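Read the structure below first, then the notes.
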Amino acid sequence: MAQKPSIPKGTRDFSAQEVNKRHYIINTIKNQFTKFGFQPIETPSFENYDTLMGKYGEEGDRLIFKILNSGDFLKKVNPNDIKSENTLAITPKIAEKALRYDLTVPFARYVVQHQNELDFPFKRYQIQPVWRADRPQKGRFREFYQCDADVVGSQSLWQEVEFVQLYDEVFTQLKLEGVQIKINNRKILSGFAEIIGQSDKLIDFTVALDKLDKIGEEAVIEEMKAKGITAQAIDTIQPIFNLKGDFSEQIASLKNILLASKSGLEGLQELEFIQQAIENMPLKTAKLTLDVTLARGLNYYTGAIFEIAAPPQVKMGSIGGGGRYDDLTGIFGLKNMSGVGISFGLDRIYLVLEELKLFPKKTDAQTQVIFINFGHQEALYAMQAIRLLRDEGVAAELYPDEAKMKKQMNYANKRAIPFVVLAGSKEMQKEQFTLKNMMTGEQNNVNLQELKKLVKA
RNA sequence: GUGGUUGUAGCUCAGUUGGUUAGAGCGCCUGAUUGUGGUUCAGGAGGUCGUCGGUUCGAGACCGAUCUUCCACCCCA
């Protein structure tokens with residue numbers, strides 16, 4: 001116990017069953033990505049320090065795992081910085097690489113770096129782990145998978161429409177019903193800030209607004225005041241705390257509030273476009289809702305913002321998110337390249353499916369038949385049959401050791417292998433096999449042809 | 001980064017105000033059953049009580065540090 005090895009905080013090992021279930025989710029997502037015309041790419045697990053730093057705000061920078069240089073990494077550091085414990089100055093000197101924090105920024109880097117080889121609009125998907133030096137919690141890990149799909153090089157709102165459909169399709173396939181696709185638009189949030197004459201406090205304003213359904217109206221107002229937003233300004237936009245009605249009714253009331261804001265009205269128009277399209281092509285199981293309090297931390301969104309809420313009966317943070325960013329590649333020197341993308345949080349979706357018992361019983365193929373090992377001659381006889389079964393696509397194996405029958409049977413039972421073949425000298429003489437069905441316990445003497453047929457069924 | 005919480009056998013957990021050799025259920029191994037798993041019965045193995053240090057005649061229990069778990073905040077998938 002004491003001397004046993006361990007793994008770092010916030011990381012996990014996955015058993016065979018868990019991996020199979022994860023593959024089930026990944027395959028579902030991948031199939032839909034492909035159907036919607038996205039191409040797979042992969043990027044390295046670590047990037048240059050400068051590629052990642054400064055892209056996620058101060059909080060994000062703190063959560064990026066930095067990789068210590070190899071060799072005499074202290075040589076490049078100014079000794080005065082070490083003496084004065086100037087961490088900020090030392091870090092970029094001793095860590096020139098860092099683990100990726102998400103898939104979007106590496107994707108932007110990829111697009112800029114390969115711009116001459118890509119055909120725009122470029123649609124890519126990417127399913128890889130990311131790392132964050134966060135404190136673990138329910139559904140929060142330090143290593144987790146993101147499944148991203150993005151389009152760059154198109155300003156068309158049809159992309160947003162398609163992403164809503166893509167979300168709906170994936171969760172429908174996963175039998176996860178009642179998922180809420182919350183949508184908002186950064187331009188509406190800017191519009192609010194504009195109306196109250198405090199555009200400089202946009203971030204503070206949205207961060208506070210984002211907490212509305214969690215801490216309530218009063219606490220939100222409290223926080224806004226604490227951030228220096230005037231009571232008068234808050235009064236002006238008070239109505240947004242209590243928006244009523246369905247999607248289009250909310251749009252109508254917002255139009256009144258945002259009358260004086262050009263960008264606000266633009267944002268509303270975009271939302272209307274998406275909503276009307278979806279109305280004409282109803283979603284299968286998900287629900288599209290307008291949520292003006294939806295802010296999402298990432299600074300780079302400029303248009304639509306998505307967030308996916310799990311069905312209300314499970315307590316879980318968002319299981320996906322995304323949005324439009326007009327200038328993501330700008331930070332790497334490629335201007336005028338509008339992009340929009342979404343992400344699925346694999347690990348959280350897993351927890352939700354587990355809690356709601358939505359995983360199919362058989363998430364993956366497993367061994368269908370195992371042959372008892374009676375000795376060298378018998379094993380050879382078994383192996384010949386196994387090879388033919390494998391050619392037919394049947395997962396078959398031989399118990400490797402000449403162990404006691406009871407032990408071999410027990411092993412088959414534990415692994416829930418549905419068929420066991422007993423082929424000893426008796427069977428070999430008649431070129432037969434004794435096939436035992438482990439579910440029913442019944443046993444039959446069959447030839448190879450019949451064996452294939454029975455095991456496959 | 002802030003505050004709280006958890007750790008005893010492979011797993012789930014008991015363990016009294018600090019006092020002999022730290023227990024249970026499940027699982028595991030062996031046998032009853034030399035070509036038959038699940039059920040039953042009998043027997044058995046397995047723990048430096050997360051780690052390091054301290055208090056004490058004596059620590060699984062008390063104190064400190066550290067690691068880990070889970071939770072809230074922050075932030076986020």
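Just so it is clear, the model here is predicted, and its values are computed rather than measured. The chains referred to below are lettered A, B, ... by the order of the sequence lines, with proteins before strands, and numbering in each begins at 1.
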For Watson-Crick and G-U wobble pairs within 3.5 Å on both distances, what is RNA chain B written in dot-bracket notation, | included for inter-strand pairing? ((((..(..((((.....[...)))).(((((.......))))).....(((((..]....))))))..))))....
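Relative ring orientation between A/Tyr110 and A/Phe122 is described as parallel, the plane-to-plane angle staying below 30° on a 0-90° scale split at 30° and 60°. The aromatic rings of A/Phe192 and A/Phe205 sit perpendicular, their planes meeting at an angle over 60°, well past the 30° parallel limit.
Listed pair A/Lys315 / B/A72 meets the phosphate criterion, a side-chain N or O lying under 4.0 Å from OP1 or OP2. At the phosphate of B/C74, OP1 or OP2 sits under 4.0 Å from a side-chain N or O atom of A/Lys211. In terms of phosphate contacts, A/Lys404 brings no side-chain nitrogen or oxygen within less than 4.0 Å of OP1 or OP2 of B/G37. Residue A/Lys9 has a polar side-chain atom (N or O) positioned under 4.0 Å from OP1 or OP2 of B/U68. Residue A/Lys414 places no side-chain N or O under 4.0 Å from the OP1 or OP2 atom of B/G27.
At whole-Å resolution of the value, CG in A/Asp347 and C1' in B/C76 are 13 Å apart. Atom P of nucleotide B/G37 and atom CG of A/Leu435 are separated by 17 Å, given to the nearest angstrom. Residue A/Glu59 contributes atom CD, which lies 12 Å from atom C1' of B/U2 at whole-angstrom precision. As a whole-Å value, the separation of A/Tyr56 OH from B/A77 C1' is 13 Å. Rounded to an integer number of Å, the gap from A/Leu63 CG to B/A77 P is 11 Å. Straight-line distance from the CD atom of A/Gln137 to the C1' atom of B/U2: 13 Å, rounded to whole Å. One interatomic measurement links the two molecules: CG of A/Asp61 to P of B/G1, which rounds to 15 Å at whole-angstrom precision. When rounded to the nearest whole Å, the span between CG of A/Asn373 and P of B/U36 equals 16 Å.
Counting only heavy atoms from C-beta on, A/Leu422 has its side chain closest to B/U36 among B/G1, B/A77, B/U36. Closest to the side chain of A/Arg140, out of B/C76, B/G37, B/G35, is B/C76. The side chain of A/Lys214 sits closest to B/C75 out of B/U36, B/C71, B/C75. The side chain of A/Pro136 lies closest to B/C70, out of B/C76, B/G35, B/C70. Here the nucleotide nearest the side chain of A/Ser318, chosen from B/C75, B/U36, B/A77, is B/A77.
Every residue meeting the side-chain contact (heavy atoms from CB on, under 4.5 Å) condition with A/Thr434, not counting sequence neighbours, appears here in chain and number order: A/Leu422, A/Glu427, A/Gln443, A/Asn445. With sequence neighbours left out, the side-chain contact (heavy atoms from CB on, under 4.5 Å) criterion links A/Leu212 to A/Glu217, A/Val220, A/Phe241, A/Thr293.
Rounded to whole Å, the P atom of B/U12 lies 27 Å from the corresponding atom of B/C73. A distance of about 8 Å separates the P atoms of B/G50 and B/G7, rounded to the whole Å. Here, B/U56 and B/C63 have their C1' atoms 12 Å apart, quoted to the whole Å. B/A22 and B/G46 are spaced 14 Å apart, taking the C1' atom of each and rounding to whole Å. Nucleotides B/G53 and B/C13 have their C1' atoms positioned 29 Å apart, rounded to a whole Å. To the nearest whole angstrom, the two C1' atoms, one in B/G10 and one in B/C71, are 27 Å apart. Look at the P atom in both B/U66 and B/U30: the space between them is 46 Å, to the nearest Å. Across the P atoms, B/G23 and B/G47 are found 14 Å apart, a figure rounded to whole Å.
Nucleic acid contact class of A/Phe141 (heavy atoms, under 4.0 Å, all strands): base. Within 4.0 Å (heavy atoms only), A/Gln408 reaches no atom of the nucleic acid at all. The residue A/Lys426 sits close to a base: some heavy atom pair falls under 4.0 Å. Using a 4.0 Å heavy-atom distance criterion, A/Val207 is classed as a sugar-phosphate-only contact. Nucleic acid contact class of A/Met316 (heavy atoms, under 4.0 Å, all strands): none. Residue A/Gly57 is out of contact with every strand shown, counting any heavy-atom pair closer than 4.0 Å. As judged by a 4.0 angstrom heavy-atom cut-off over every strand, A/Gly441 is placed among the base-contacting residues. Among the protein residues, A/Gly375 comes within range of no part of the nucleic acid, since none of its heavy atoms lies under 4.0 Å from any strand. No engagement by A/Gly317 is indicated, since no non-hydrogen atom pair under 4.0 Å with the nucleic acid exists. Across all strands, A/Glu58 comes closer than 4.0 Å to no nucleic acid atom at all (heavy-atom distances).
Remark: the A/Lys406 side chain and the B/U36 base include no donor-acceptor N/O pair separated by less than 3.5 Å. Counting atom types as modelled, A/Arg135 pairs a side-chain N or O with a base atom of B/G3 as donor and acceptor under 3.5 Å. You won't find any donor-acceptor pair under 3.5 Å spanning the side chain of A/Lys407 and the base of B/G37, going by distance alone. With hydrogens and angles ignored, a donor-acceptor pair under 3.5 angstrom links the side chain of A/Asn413 to the base of B/G37.
Positionally, the nearest nucleotide of RNA chain B for A/Thr440 lies more toward the 5' end than for the other of A/Arg132 and A/Thr440. Residues A/Gln443 and A/Ile319 each lie close to RNA chain B; by heavy-atom proximity, the contact nearer the 5' end of the strand is made by A/Gln443.
Centre separation under 5.5 Å together with a plane angle under 30° does not hold for the ring of A/Tyr411 and the six-membered base ring of B/G37, so they are not marked as stacked.
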Using the rule given for ring pair (Phe, Tyr, Trp, His ring centres under 6.0 Å), can you reason through A/Tyr125 versus A/Phe38, listing the C-alpha separation, both sets of side-chain angles and the distance that settles it, and then say yes or no? CA-CA 6 Å; A/Tyr125 78 82; A/Phe38 294 89; 7.6 Å; no
Could you check A/Tyr24 against A/Tyr350 for ring pair (Phe, Tyr, Trp, His ring centres under 6.0 Å), going step by step and ending with a plain yes or no? CA-CA 10 Å; A/Tyr24 161 73; A/Tyr350 182 102; 10.0 Å; no
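Scanning both residues, A/Asn185 and A/Ala304, for their nearest heavy atoms gives ND2-N, 3.7 Å. A/Leu351 and A/Gly139 make their closest contact through CD1-CA, 3.7 Å (heavy atoms, listed as atom of the first residue, atom of the second, distance).
Residues A/Phe46 and A/Phe65 keep their aromatic ring centres 6.0 Å or farther apart.
Contact check for A/Phe371 versus A/Glu378: no side-chain heavy atoms found under the 4.5 Å cut-off.
The distance from the CD atom of A/Gln126 to the CG atom of A/Leu103 is 4.5 Å, given to the nearest 0.5 Å.
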